[in-house]
Each structure stands twice: as C-alpha cells, then as structure tokens.
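Fair warning: this is a prediction, and the values are worked out from it, not measured in the lab. Numbered from 1 within each chain, the chains take letters A, B, ... in sequence-line order.
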2 protein chains.
Amino acid sequence: MKEKSMRVVKSAQERKNEILDVAEQLFEEKGFDNASTNDIINRIGIARGTLYHHFASKEEILDAIVERMTREGISKASLIVKERSVPICERLTAAIMALNIKGGAASEVFDQIHRPQNALLHQKMQERLLEGVVPIIEGLIREGNETGLFDSEYPREAAEMIMIYSSVAFDELTNLSNEDILKKGQAFAYHAEKLLGAKENTLKDAIMNIITSQNR
Amino acid sequence: MKEKSMRVVKSAQERKNEILDVAEQLFEEKGFDNASTNDIINRIGIARGTLYHHFASKEEILDAIVERMTREGISKASLIVKERSVPICERLTAAIMALNIKGGAASEVFDQIHRPQNALLHQKMQERLLEGVVPIIEGLIREGNETGLFDSEYPREAAEMIMIYSSVAFDELTNLSNEDILKKGQAFAYHAEKLLGAKENTLKDAIMNIITSQNR
DNA sequence: GCTTTACCGACAGGTTGTCGGTTAAGTTAT
DNA sequence: ATAACTTAACCGACAACCTGTCGGTAAAGC
C-alpha cells in the first residue's frame, strides 16, 4: 500500500523541472490557492524537505512557472517581428496574439486562469507579458511610421494601450456569442487603426483572420 | 492584561460594518493573504464564532469591502455624468478618474493594492469598477456623438478601451518621474481623442488638469 | 415565557516553512 | 584503485500558523 521511500537522486535541474511540471498541472486543476505543496510532493513522491531544498517558497514556484510560460510567448513574438519579408500588419497582429496565450502550450491553463484562486498567477503573467511584448510592438510601430503606413506620435503608449486592452478584453470571450466576438474584433481593429493613425481597414483583415481562426 | 470577555451585543448591521472597517484597515496594512481572520477578531475583540456568524468566509468579507469601495466611485461617476450643464469633456474626464480611486476615501489602500498579496482584491475591484463605469462612459460618448463633438462608431468598445487602459496604466505612476507622468497624460489625451474621433486637443486640457492636480 | 439571534471558544483538519540528520555523488589524496 | 573527505540532494518530524465548524450560552424581541 505504502510506497517504500526508495531514495532517488536526480540533478537539481531535472528535479526542479519535475516540480514545475507537476505544480503547473496542479495549479491548472485546482488553482494556485487550492493546490497545496503537499499535493505537489505527494504526486511526485518526494519529501517536504526536498521541495524546499529547490524552492524557497510556494510563491517562488509560481514565479518560475510564470517565467517559463511567458518566455515562450515573448520569444515567439520577437521572432515574428524580425521577419521583414512579412507585411507589417501581419507581423503586428501575430505579435499581439502571441500574448493571447490560447494558441500556445498553456491553452488548458487559460480556462482556469480567471478563477479567483488564480488572481496572482493571472496578474503576474500579465505583468510579465506586457513588459516583454510592449517594446516589441513599439518597435514595429516605429517601423510602420517610417514606411508611412502608420502615423503615431506616441508609439510606446499606443503599444501599451493596444496590448493592455487586448489582454484584458480577449480574456473573456469564452462566454460570448460568436456574433459578439466578431463585433468585438471589428471594434478592436477599428480602434487600433485610429490609435496608430493608419488608413481605414489597414489592420482589419489581419486581425479578423486570427480571431476567427483561433476561436471556433 | 487579558480583557475579560464581557459580552457586548450589537445589531447585525453595526457589527458587520465594524468587521468591514477593521478588515479593510488590516488588508491595507498587511495585504489580503497575510491578514488573518484572527487579526480581525483580535483587533475588534470578538470571538471566531461571531465573525463567522456574520460572514460565511474570509472571501465574503473581501467581496463586501470591494462592494462598499466601488459603490461610492460608481455612484459618484453616474452623478457627474448627469450634470448636463457641464461640458461633456469635463464630465468624461471626471468620470474616468472616479475609477482611479486615488482621490476617494480609499486612497491609502491604493499604495498597497499592487502588492502581490492583494492580487485578488485588485482584480475584483477592477472588474467591479469596469462593469459599473463602462456603461456610464458609453452613454457620454453617445451624447458626444449627437452633439457632433465625437465621432465614434463603437461607443461601448471605445469606453472599454479607455477605462481599461487608464485603470492599468495609471495604476503605477507612483514610481514615475513627474516628466514621465506628464508625457503619459499627454499620450493618453491624444489617444483618447483619436479613439473618440474628436478634434485635436478637445480633451487635452481637461485631462491634464486632473492628472497634474491629483498627483503632486 | 418562548423564539430568535448575536455571541463564545474549543477543536478538527489543513496549511507553509524549518531543521537536524541521512545518503548518494563527486573530488582529492594516497 | 581505493580510501577519506566534501558537497549537494534528500528525508520526515515538527512548530506555528491558518480557516471554518459546532454545540452551547446569553441577550433581545415578541
């Protein structure tokens, strides 16, 4: 019945990843507050001391998970942006949506992420993503200014506004009708064009494409 | 040394408010997670059972506090908006800033509100405020559309975008230099004008007034 | 006098983080 | 090669909390 405590030793790196994997999974299932460190160690089969040998606190585990999850999205966005052969509009929308995690590996987390138990996780991820992606978008806007596609006096703040809005608003389109989602997407495209000083419908198609494709 | 447990009975309403007052104070001081229900009952001088007689859980206390704090801001905003003698621009900016709690009674909370321990509080307040204020702003935009001051195709979404941005961005201007704050304010005014389809500098003065006055 | 409701405090069952001790792995010395 | 030593992963008992429950008591209202 009871597993004998066969001592298994792994490299620090390996164990840390193991802990993060299980913790992430558990936070998805039960939320950050409800998932206990006991849950983690039981599922892995290690002792309390081991967990705290690798991480100083439960919150540090959370931070590491956030770091791991966001790094992927940010580096993806920064890669997209460098593809100068692709039209700016496509790159812009793709970068924006890299933040919107749904497509990524973390897509199952996404549904749970708004439950109140995950307020911390949500906040930290959002902070991290904004901080990472805003400068990328800003650069793209400047590029658009140079080519005459955009006309933005405050590229940084425009990027902030677009990112912040899309990260909050597109958070909760799960409980919206398809019709409403379309409207929201159109409104977003319209407003983004205004903010960037772009001609009407410059962004519309690129944005609507992504929205309709990822939300079926 | 030890207070005798003289039994003091108060009306439910009175006791509830007492609990909310102390809890709010404690959440400010230590954050929601770090403030325990024991802290609350000790400071008031009541027993555990009494607390749980009035509130079913710690989170319910939080919800009641959020409700209390936001009700004020929302009703203030809705009053402002009704003053049809005041120019629309002034009403708009005033309503926007009613959400930015700094001016209100909760101004001390504000500094603590971003500490990670308060993620839940923060999230709940933001949700509640947006939900309450967005329709108000939307109405104002429609009014502006009629008088020809604005030209907004999606009043609802424009209101959302403005509110969401200002609630996130103006959150953390405490650690910014005065210069940066000014720039941020100007950028916000500029972008709000674009979003609403208003003429240049329509909103600038009203917005800059509020920002410079409330942040000294 | 009877019912309702505010109040009490012990208690169960859970949580996080600490700490001294143990064992495996890696390193140096002989 | 192997013995001796150092480092680092690992263990599990434990202290010090925490939230929410519950049977019982006392005041208020009818």
Side-chain angles (χ1 to χ4, degrees), chain A residues 1-24 26-27 29-65 115-121, chain B residues 1-24 26-27 29-65 115-121:
Chain A
M1 220 98 210
K2 211 109 179 244
E3 286 295 326
K4 219 30 208 279
S5 58
M6 268 285 296
R7 205 186 191 106
V8 179
V9 178
K10 302 190 176 180
S11 77
Q13 198 49 56
E14 205 174 347
R15 209 16 55 102
K16 275 188 181 175
N17 283 332
E18 195 179 2
I19 291 170
L20 292 183
D21 290 341
V22 172
E24 185 176 326
L26 241 11
F27 293 169
E29 287 173 22
K30 322 173 80 174
F32 177 70
D33 288 350
N34 293 358
S36 72
T37 50
N38 281 325
D39 292 338
I40 300 175
I41 65 181
N42 288 338
R43 189 169 290 188
I44 301 181
I46 57 174
R48 265 196 104 47
T50 305
L51 182 74
Y52 280 91
H53 174 69
H54 291 288
F55 295 94
S57 67
K58 192 184 171 188
E59 186 163 354
E60 198 171 272
I61 297 177
L62 179 70
D63 288 340
I65 291 178
R115 286 169 35 197
Q117 295 99 355
N118 286 333
L120 227 200
L121 205 179
Chain B
M1 220 93 212
K2 223 134 203 187
E3 286 294 328
K4 217 38 213 268
S5 58
M6 267 283 296
R7 204 185 190 108
V8 178
V9 177
K10 302 189 176 181
S11 77
Q13 198 50 55
E14 204 173 348
R15 197 51 13 123
K16 274 188 181 175
N17 283 331
E18 195 179 2
I19 291 171
L20 292 182
D21 290 340
V22 172
E24 186 176 326
L26 240 12
F27 293 168
E29 286 173 25
K30 320 174 82 176
F32 177 70
D33 289 348
N34 293 357
S36 72
T37 50
N38 282 324
D39 291 338
I40 299 174
I41 64 182
N42 288 337
R43 189 169 287 187
I44 302 182
I46 57 175
R48 268 198 99 50
T50 306
L51 182 74
Y52 280 91
H53 174 68
H54 292 288
F55 295 94
S57 68
K58 194 184 169 189
E59 185 163 354
E60 196 171 275
I61 297 177
L62 179 70
D63 288 341
I65 291 178
R115 285 171 33 198
Q117 294 97 0
N118 286 333
L120 227 201
L121 204 178

Task: B:T50 vs C:dC8: side-chain N/O to OP1/OP2 distance below 4.0 Å - done: yes

Open item on the list: If the test is salt bridge (charged side-chain N to carboxylate O under 4.0 Å, His left out), which one of A:E18, A:E29, A:E24 qualifies with A:R43?
Closed with: A:E29

- [ ] Using atom types as modelled and distance alone, determine if a side-chain donor or acceptor of A:N118 lies under 3.5 Å from a backbone N or O of A:G31.
- [x] no

Between protein and nucleic acid, restricted to nucleotides 19-24 of chain C and to nitrogen or oxygen atoms under 3.5 Å apart, what atom pairs and distances do you find?
unit_1: C:dT22; atom_1: O2; unit_2: A:R7; atom_2: NH2; d: 2.7

TODO: Write down the distance between CD1 (B:I19) and C1' (C:dC8), rounded to a whole number of angstrom.
DONE: 14 Å

Task: Whole-Å distance separating the NZ atom of A:K58 from the C1' atom of C:dG14 - done: 12 Å

Task: Heavy-atom side-chain contact between B:I61 and B:L51 under 4.5 Å - done: yes

Task: Heavy-atom check, side chain of A:F55 versus side chain of A:D63, under 4.5 Å - done: no

TODO: To the nearest Å, give me how far apart CZ (A:F55) and C1' (C:dT18) are.
DONE: 18 Å

TODO: Could you pull out the closest heavy-atom pair between B:A47 and B:I41, with the gap in Å?
DONE: O-CG2, 4.1 Å

Open item on the list: Without decimals, in angstroms, what is the distance between B:D39 CG and D:dC17 P?
Closed with: 11 Å

Open item on the list: For the backbone of A:E14 and the side chain of A:N17, can you confirm whether one donor and one acceptor N or O come within less than 3.5 Å of each other?
Closed with: no

TODO: Side chain of A:H54 only, please: which of D:dA9, C:dC8, D:dG20 is the nearest?
DONE: D:dA9

Open item on the list: Using OP1 and OP2 only, check whether a side-chain N or O of A:H53 sits under 4.0 Å from D:dA9.
Closed with: yes

Task: 5′-ward residue of the pair B:S11/A:N34 relative to DNA chain C - done: B:S11

- [ ] Take the protein atom CG of B:L62 and the nucleotide atom C1' of D:dT19, then report the distance between them rounded to whole Å.
- [x] 15 Å

- [ ] Would you mind reading off the distance between A:N42 atom CG and D:dC10 atom C1', rounded to a whole angstrom?
- [x] 16 Å

Open item on the list: Measuring to OP1 and OP2 of C:dG14, would you say a side-chain N or O of A:N38 lies under 4.0 angstrom away?
Closed with: no

Task: A:I61 CD1 to C:dG17 C1', straight-line distance once rounded to whole Å - done: 11 Å

Open item on the list: With heavy-atom distances below 4.5 Å as the criterion, would you say the side chains of B:R15 and B:I46 are in contact?
Closed with: yes

Open item on the list: Mind checking if A:S36 touches a base, just sugar-phosphate, or nothing, with heavy atoms under 4.0 Å?
Closed with: sugar-phosphate

Task: Euclidean distance, atom CG of residue B:L51 to atom P of D:dT21 [Å, nearest integer] - done: 12 Å

